Amino acid sequence: MWTFFSKALRHSSSSARATVTTTASNFVSSAFLGKLIFGETHAALWWVGISLTLSGLLVLHGSTSQPAEAKKEE
C-alpha cells in the first residue's frame, strides 16, 4: 500500500486525491481477497460505507478533470 501511495503522490496534483484513491483501493481489494481466500463476509453497513467512499472518489476525480476540459475548449 505504501508503495502505491508514494507513486500516487508523485503523479497526482493533490495529496487528497492520492490518499482517497489509495485508501479506497485498499478497502476494495481487502474485501475481495478476504472473500476469495478466507471466505469472509461483510455486513451491509460496510458495503454502504465503501459505496459512499467510492462515490466521493468519483466526485473528487470528476470535479478536478472538468476545469482542464474547459480550458481546452477555450
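In this text, all values refer to a predicted model and were calculated from it rather than measured experimentally.
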Q: Would you give the length of the straight line joining atom CG of Leu60 to atom OG of Ser55, rounded to the nearest 0.5 angstrom?
A: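 Rounded to the nearest 0.5 Å, the CG-OG separation comes to 12.5 Å.
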Q) In the single-linkage hydrophobic clustering (I, L, V, M, F, W, Y; side-chain heavy atoms under 4.5 Å), do Val20 and Val28 co-cluster? A)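 Linked, Val20 and Val28 end up in one cluster.
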Q: Applying side-chain contact (heavy atoms from CB on, under 4.5 Å), name anything that partners Thr19, two or more places apart in sequence or on another chain.
A: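 Partners of Thr19 under the side-chain contact (heavy atoms from CB on, under 4.5 Å) test: Phe5, Thr23.
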Q) Quick one: side-chain contact (heavy atoms from CB on, under 4.5 Å) partners of Thr53, sequence neighbours excluded? A)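 Residues passing side-chain contact (heavy atoms from CB on, under 4.5 Å) with Thr53: Ala24, Ile50.
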(Q) Is it the case that the side chain of Thr21 and the backbone of Ala18 share a donor-acceptor pair, with hydrogens and angles ignored and the cut-off at 3.5 Å? (A)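 A pair under 3.5 Å: no.
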Throw together a table of side-chain donor-acceptor distances under 3.5 angstrom for residues 32-47, partners on residues two or more places apart or in other chains.
none

Q: Please name all residues satisfying side chain to side chain donor-acceptor pair (under 3.5 Å) with Thr22, sequence neighbours left out, ordered by chain then number.
A: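 None.
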